[in-house]
There are 2 protein chains.
Amino acid sequence: MPNGTTEELRRANLAAVLRLVYSSGAMSRALIGRHTGLNRSTVGSLVTTLAGLGLVGEHAADPNGRVGRPSPIVQPDPDVVAFAVNPEIDALTLAVVGLDGRVRRTVRSEYDDIPGAADAVQLAARLIAASRRELAGLRVVGVGVAVPGQVRTSDGLVRNAPHLDWHDEPFAAPLAEATGLPVRAANDAALGALAEHRFGSGRGCDHLIYLNGGASGIGGGIITGGHLLTGTAGYAGELGHVRVAGGDTTDSAGLRGTLEAEVTRAELLSVLGLARATPDELHAALLADHGPAVRAVVARQVGHLGTALATAINLLNPDVVTLGGFLAALLAHDPDALADAVNRSVLAPSSEAVRIVPAALGTDLLAIGAAGLAFEDLLADPALALA
Amino acid sequence: MPNGTTEELRRANLAAVLRLVYSSGAMSRALIGRHTGLNRSTVGSLVTTLAGLGLVGEHAADPNGRVGRPSPIVQPDPDVVAFAVNPEIDALTLAVVGLDGRVRRTVRSEYDDIPGAADAVQLAARLIAASRRELAGLRVVGVGVAVPGQVRTSDGLVRNAPHLDWHDEPFAAPLAEATGLPVRAANDAALGALAEHRFGSGRGCDHLIYLNGGASGIGGGIITGGHLLTGTAGYAGELGHVRVAGGDTTDSAGLRGTLEAEVTRAELLSVLGLARATPDELHAALLADHGPAVRAVVARQVGHLGTALATAINLLNPDVVTLGGFLAALLAHDPDALADAVNRSVLAPSSEAVRIVPAALGTDLLAIGAAGLAFEDLLADPALALA
DNA sequence: TGGTATATGTTGTGAATCACAACGAATACT
DNA sequence: AGTATTCGTTGTGATTCACAACATATACCA
């Protein structure tokens, strides 16, 4: 909580400027002044301070042909980086992401047997150590972890990651111990929502619902009022476990009739006659095949998806609903059918302004989201930049 | 948006102090300092300013027997008031609520035929004018309206209030015109959530779900991160229209299988053999009668209520779920059954810390919530206190 | 080619805010 | 009655941001 001192005012202004160039990209000093409402002299002082901290750099103005004195472009320093860790059932991915939002490198370490949490921590620590050796001159801010399961955000304890068979496994704490870096962890779909909100299909929208369909189920994340909705402990956003039908099929958490139980990638692959497929291959196959069997399965899944979205829209009144993974393929296959399904269960005012769109960020989605989590402390108080 | 100036800092600190004594009740200067983290001299200056604006008063310290110099008690001025308007199907209620949170007076104007929105506006304006004449020496801040339906918060347009048969009827604007006061409007259950959060069962809890069961249906409101969740236009929180079953019964909005369609006060009255009942009478009758017919109906309704709550808990991970109206009676009738029903559809981590409790505020709930809405501008910027 | 208008960074001054230390005031404890 | 404790008040100082004047750099126009 900002405690209302002049010192805190300075911190808040530094944070506002850094956050602006982080989430809106490089911009001139003059634009920063217009966005923040601060005086030119104040903006100058703040930018100088941030540059002195090594967090932003100033480049020559681009010759854009406008009248008046050119304004140097302020941009976040790409050498200020965070590590993004994403353990999955087939591999652990480590990404190095700059404060400019770009992914500098990605390392993917595949495994045959799903590791335990402790082993995954050690693997991540080794990959991080190797990256730090190879990439010289970087200033590492911290580590963000995207976990396919429920994570207690206060201490990064993985409460339940069914596909990894992790239950109440500490993750952030031992990884911080092994790397000497601050580590924060959260649910993967929640971080996807954060990334789409800041850099993807939800830019400029304060209320967003993100829903991702993967091989192992459906995850969701919610942005309300421009902030990631965590709930009291960090478990919010579980849209995959919304009840949509009275059936007996169960989902990965053992709940019956939920979205995740009724809408599955495996069923789509099955009816398409595919043994396995990359996300792009599934997308293409679904767009190509409009046979009756496929149509029937898609229609049923789209109906259930619409019911779940309607529930979420009734509760949250978002600007945007972003669909990722095979849910984006369902949307592309028949956008009108999904809209109809939503409209059958939604209150008219809540739905009139909502846009249902495919995710805009590709494979880097989780890396960007997890890095965003790791940058959060820095963005909240740039003066604490260390190491 | 606070624009980071020193002037804004002062405003924010004034607002923080006023908000503190508004929502936490009268407290000593020393306590204010401890809560805000501000220096004693600063607190003194802020309190003096607020007192000069006529927003707070200082009383002698209560002799509580503690060592040290007694600290004068700062409390919001009860003569600073807001009007709370609540149009319902049988009557329009006007309440006068002080900044100290107390309801000074309530006027209830009953009607046989449901009025149109324009007539209701005129009725409210007449009641407000009469109250202003009778209660001298008041400083009126504004008007808050609790509407049983969906309201666009930006301009107070009633989008859809099915029980009043109002559709896209302006309300706040004409009432502001007629009274010369600032008017803000919102959904009644959302304001109920706000009231329970600040003064009722959800004090100190940043994440709360409020669900109210009335004669005309089920309304809901959501508090996340300590703030009322409005969504992009103000329509968020419609928990009554969450799908819970595959049935064909429809709710007030024409949606099928929703909580509001499946869980009704009318069915409870019917099985209890009551033609009509006050909320208290229904509550008592339900607690008294555990016959098989009643048990069956209650069991079914509790099951559906549990499903809806599970959905909301999975999405929002709240600290508290507050039930009002006949839903509180259902809870009292068999708390364990409701807990079991929730647990059948909820993810374990999300549910472990949640408390399901009856609403703590009684008939004044909506008056307090609507007044809170009207006070919002004042609390955000006390220096703008006028007239 | 030179002058003007426009837009922006920089510098110095001033006003406002809050922190801090010293002091005074009012109560409880011994 | 004296002392310790708690808290309000006052005066001083440090920090921050606003504002005005000036300097700088470009586009536009004649």
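Chain letters run A, B, ... following the sequence lines, proteins first, then strands; residues in each count from 1.
For A:Ser24 and A:Arg198, the side-chain atoms include no donor-acceptor pair closer than 3.5 Å. No side-chain donor-acceptor contact under 3.5 Å links A:Thr153 and A:Thr230.
Within 6.0 Å of CZ on B:Arg102 lie no more than 12 heavy atoms contributed by other residues, nucleotides or ligands.
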Using a 4.0 Å heavy-atom cut-off to protein, can you give one letter per nucleotide of nucleotides 3-10 of chain C, 5' to 3': B if the base is in contact, S if only the sugar-phosphate is, - if neither?
---BBBBS

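Residue A:Thr5 has no polar side-chain atom (N or O) positioned under 4.0 Å from OP1 or OP2 of C:dT17. For the pair A:Asn13 and D:dC17, the criterion of a side-chain N or O lying under 4.0 Å from OP1 or OP2 is met.
The backbone N or O of B:Glu196 sits nowhere less than 3.5 Å from a side-chain atom of B:Arg203 that would complete a donor-acceptor pair. Between the side chain of B:Asn317 and the backbone N or O of A:Ala233, at least one donor-acceptor pair lies under 3.5 Å.
Between A:Leu9 atom CG and C:dA15 atom P the separation is 19 Å, expressed in whole Å. Nucleotide D:dC7 holds its P atom 16 Å from the CG atom of B:Leu38, rounded to whole Å. Summarising the geometry, the separation between CD on A:Glu8 and C1' on C:dA19 is reported as 15 Å, rounded to the nearest angstrom.
Remark: A:Arg184 engages A:Asp377 in a salt bridge, criterion side-chain N to carboxylate O under 4.0 Å. Ion pairing of B:Arg29 with B:Glu58 is present here, as a side-chain N (NZ or NE/NH1/NH2) and a carboxylate O approach within less than 4.0 Å.
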Quick one: which protein N/O atoms are closer than 3.5 Å to N/O atoms of nucleotides 13-15 of chain D? Pair and distance per line, please.
none

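Taking 4.5 Å as the limit, some side-chain heavy atom of A:Arg132 sits within range of a side-chain heavy atom of A:Val140.
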